[in-house]
Amino acid sequence: MMKMMTRYSLCVSLLIFIPTLTHSANPSANYLTTQQLWFSQTLDHYSPYSQDRSQFQQRYYEFLDFFRSPDGPIFMVICGEYTCKGIKNDYIAVLAKKFGAAVVSLEHRYYGKSSPFKQLTTQNLRYLSSKQALFDLAVFRQGYQESLNAKLNRTKEENPWFVFGVSYPGALSAWFRLKFPHLTCGSLASSAVVLAVYNFTEFDQQVGESAGPECKAALQETTKLVDQKLVTNGKALKASFDATDLRIDGDFLYFLADAAATAFQYGNPDKLCKPLVEAKKAGDDLVDAYAKYVKEYYLGDYGASVQSYNQNYLKNTAASEDSSDRLWWFQVCTEVAYFQVAPSNDSVRSSKVDTRYHLDLCKNVFGEGIFPDVDSTNIYYGGTKIAGSKIVFTNGSQDPWRRASKQASSPDMPSYTITCSNCGHGTDMRGCPQSPFNIEGNEKNCTSPDAVHKVRQKIVEHIDLWLSECQDTSRSCI
């Protein structure tokens, strides 16, 4: 069968192919590369004073095995609220190969090894924001382009860039195109949480919808029993979940709520619903059944940590690659909130996970005066009314986070929902389930692989069109 070429790849295939600058491919690995590189980044992009223009070292990665040098596109994969260990071998590998693209990825400031400070005190976290992170990406993009030009012995040339991100990085991808449209031909915003939400009751509502009537009823009954046991014998209850360190009841209940949501967020509904519904039908102890799920799947297979819910642990200011939880909570408590509170009725999670719990956490961990200014965030970026262009939004039908994403299409910002019973967070890039990892984002285990394939085909078409429109006339293949 003849391989179909995209409009953009047909154009660049006529160029002389120059051997790649480095090789780091390992198709069987979860990462395309883990070779770390370093970039000198400005700490405060918004200070007008030269004495404030101090710098820190920011980690990044590059993968050039598929790059059609010298004019191929550069795909910038945004890393987010976690330690960035390399460029993952998910669907970006398929896209890079298809378009002959170089792939680069910049670690988010403060996270992983890209911390400007050794102590992450509240005062030292003042430069941690999405605005600073976007400027990091812009400066890195310019610096990398100049470095590539130097390697290729040329000046003032511009490769076409395209930006990718999933979840919070998906929002950054959309916002980067919004704020720096001259620096990228377009963006893919996968499961992009572009709407900052103070009381995010819709998150819990989507968990209930994704669970379905039987599983939702079992979860609600489990929550009721947990609330009762927490009063009568909380110490024994927490021990049954291996969570005795969570002395604050709100931390424990938030931990349990997250454990349930994760099953739907990452495409593993049966891991939770099957044993819980069976226990309910058999008249078995639902709390015991849920504890078994939490310990075997959430803490076991998925790899969650009880300590990440412990406010005393979140107070630890020593910078390390394990600081992600404290750092993300700071962004939550100052910019975006996403307070996953219980709705006033028909809630899946405990009603004790409320606004006061979240505000108390912010105060306890970061001190007085910390408050999420979601209105300013949405005014600055536009929320779901983002006035951008050439941004593809994608969401999984079962993902609780989709309620904070742009789900309605507009003329220059198409939005697609991938519908299947295990289509969750970042399905277009990760396949199914979304955790554990699938090489090249394989979709064969999605309950509707065709639904994933159709959206991916749309993504390819948009990237192809926007890259071709972005080409400098001097490099036109016509």
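The figures that follow rest on heavy atoms only: side chains count, while hydrogens, waters and symmetry mates do not.
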- Message: As an exercise, state the distance from CG of N30 to CD1 of I439, rounded to the nearest 0.5 Å.
- Response: 4.5 Å

- Item | Between Y144 and E62: side-chain donor-acceptor atoms closer than 3.5 Å | yes

- Give the intermediate values and the outcome of salt bridge (Lys or Arg N to Asp or Glu O under 4.0 Å) for residues E443 and R456. CA-CA 10 Å; E443 76 275 16; R456 284 177 169 174; 3.0 Å; yes

- Query: Closest approach of A138 and L183, non-hydrogen atoms and distance?
  - Reply: CB-CD1, 3.7 Å

- Atom CG of D242 and atom OH of Y298: how far apart are they, to the nearest 0.5 Å? 14.0 Å

- Under 6.0 Å from the six-membered ring centre of Y91 and within 45° of its axis: does the NZ or CZ of R430 meet both? no

- Could you tell me whether F164 and F75 have their ring centroids closer than 6.0 angstrom? yes

- Query: So, Q434 versus T427: side-chain donor-acceptor pair below 3.5 Å or not?
  - Reply: yes

- Query: Hey, what do you get for CG (L172) to CG (L106), rounding to the nearest 0.5 Å?
  - Reply: 10.5 Å

- Trace of the salt bridge (Lys or Arg N to Asp or Glu O under 4.0 Å) decision for E146 with R154: CA-CA 9 Å; E146 291 172 6; R154 62 183 190 179; over 6 Å; no

- Query: Of all residues at least two apart in sequence or in a different chain, which pass the ring pair (Phe, Tyr, Trp, His ring centres under 6.0 Å) check with Y111?
  - Reply: H108

- Task: State whether a side-chain donor-acceptor pair under 3.5 Å links S190 with D428.
- Result: yes

- Item | Set of side-chain contact (heavy atoms from CB on, under 4.5 Å) partners for Q55, sequence neighbours left out | S40, T42

- Specify whether H358 and W329 have parallel, tilted or perpendicular ring planes, treating 30° as the upper limit for parallel and 60° as the lower limit for perpendicular. tilted

- Query: Does Y31 have its ring centroid less than 6.0 Å away from the ring centroid of F63?
  - Reply: no

- Note on the structure: Across all chains, not counting sequence neighbours, the side-chain hydrogen bond (donor to acceptor under 3.5 Å, both in side chains) partners of Y313 are none

- Query: Is the NZ or CZ atom of K131 both under 6.0 Å from the centre of the six-membered ring of Y380 and within 45° of that ring's axis?
  - Reply: yes

- Could you pull out the closest heavy-atom pair between Y254 and V353, with the gap in Å? CD1-CG1, 3.7 Å

- Quick one: closest heavy-atom pair of L32 and A93, and the distance? CD2-CB, 3.9 Å

- Close side-chain approach of K98 to F66, heavy-atom, < 4.5 Å: no

- T184 side chain to P181 main-chain N or O, any donor-acceptor pair under 3.5 Å? no

- Item | Side chain to side chain, D301 and E296, heavy atoms closer than 4.5 Å | no

- Item | Q57 and Q41, any side-chain heavy atoms less than 4.5 Å apart | no

- Message: Counting only heavy atoms from other residues, nucleotides and ligands, does the tally under 6.0 Å from NZ of K85 exceed 12?
- Response: no

- Note on the structure: residues 66-144 vs disulfide (SG to SG under 2.5 Å), sequence neighbours excluded, gives C79-C84

- Query: F255 vs F252 aromatic rings, parallel, tilted or perpendicular, using cut-offs 30° and 60°?
  - Reply: tilted

- Query: Is there side-chain contact between Y381 and S130, with at least one heavy-atom pair below 4.5 Å?
  - Reply: yes

- Note on the structure: Note: C333 and L361 closest approach over all heavy atoms is SG-CD2, 4.5 Å

- Any salt bridge between E461 and K454, counting N to O under 4.0 Å? no

- Message: Less than 4.0 angstrom from a charged side-chain N to a carboxylate O is my criterion; do E469 and K390 meet it?
- Response: yes

- Going by distance alone, is a donor N or O of one side chain under 3.5 Å from an acceptor N or O of the other, for S415 and S409? no

- Task: Kindly indicate whether the side chain of Q307, heavy atoms from C-beta on, has any atom under 4.5 Å from the side chain of Y309.
- Result: no

- Message: For Y168 and W328, take the angle between the two ring planes, folded into 0 to 90°, and tell me which bin it lands in: parallel under 30, tilted 30 to 60, perpendicular over 60.
- Response: tilted

- What are the two closest non-hydrogen atoms of A211 and C273, and how far apart are they? O-SG, 4.2 Å

- Message: Can you confirm if the aromatic rings of F330 and F366 lie within a centre distance of less than 6.0 Å?
- Response: yes

- Message: We want to know whether N159 and Q145 form a side-chain donor-acceptor pair, criterion being a heavy-atom distance below 3.5 angstrom.
- Response: yes

- Is the shortest side-chain N to carboxylate O distance from E202 to R403 below 4.0 Å? no

- Flag the pair P169 / Y82 as yes when at least one side-chain heavy-atom distance between them is below 4.5 Å, and no otherwise. yes

- Among pairs that include at least one residue of residues 104-143, which meet disulfide (SG to SG under 2.5 Å), considering only residues two or more places apart or in two chains? none

- Item | Where V104 and W161 come nearest, the two heavy atoms and their spacing | CG2-CZ3, 4.0 Å

- Message: Under 3.5 Å, is there a donor on one side chain and an acceptor on the other for Q58 and S114?
- Response: no

- Query: In Å, rounded to the nearest 0.5 Å, how long is the span from CD of E209 to CG of D204?
  - Reply: 10.5 Å

- Go through the steps to decide whether R59 and Y61 satisfy the test side-chain contact (heavy atoms from CB on, under 4.5 Å), and finish with yes or no. CA-CA 7 Å; R59 182 166 58 173; Y61 304 89; 3.3 Å; yes

- Message: Q142: which residues meet the side-chain hydrogen bond (donor to acceptor under 3.5 Å, both in side chains) condition with it, sequence neighbours left out?
- Response: none

- Please work out which of the three classes, parallel, tilted or perpendicular, describes the rings of F117 and Y110, given edges at 30° and 60°. tilted

- Task: State yes or no: are the ring centers of Y266 and Y302 separated by less than 6.0 Å?
- Result: yes

- Message: Less than 3.5 Å apart, any donor N or O on the side chain of R402 or Q407 sitting next to an acceptor on the other?
- Response: yes

- Message: Could you tell me if Q132 and D136 have a donor-acceptor pair between their side chains, going purely by distance under 3.5 Å?
- Response: no

- Message: Would you say the ring centers of F264 and W401 fall short of 6.0 Å from each other?
- Response: no

- Message: Strictly under 2.5 Å separating the two SG atoms? Check that for C432 and C446, please.
- Response: yes

- R349 vs L253, side-chain contact (heavy atoms from CB on, under 4.5 Å): CA-CA, chis, key distance, verdict: CA-CA 8 Å; R349 67 186 55 214; L253 294 171; over 6 Å; no

- Task: To the nearest 0.5 angstrom, please state how far the NZ atom of K406 sits from the CD1 atom of I386.
- Result: 8.5 Å

- Query: Hey, is NZ on K458 packed in by over 12 heavy atoms from elsewhere, all under 6.0 Å?
  - Reply: no

- Q265-D399 side chain donor-acceptor pair, cut-off 3.5 Å: no

- Query: Step by step, would you call Q119 with N124 a side-chain hydrogen bond (donor to acceptor under 3.5 Å, both in side chains)?
  - Reply: CA-CA 7 Å; Q119 288 294 318; N124 283 347; over 6 Å; no

- Are side-chain N/O atoms of N395 and T417 paired as donor and acceptor at under 3.5 Å? no

- Check: F140 ring centroid to F39 ring centroid under 6.0 Å: yes

- Separation of D44 CG from F135 CZ (nearest 0.5 Å): 10.0 Å

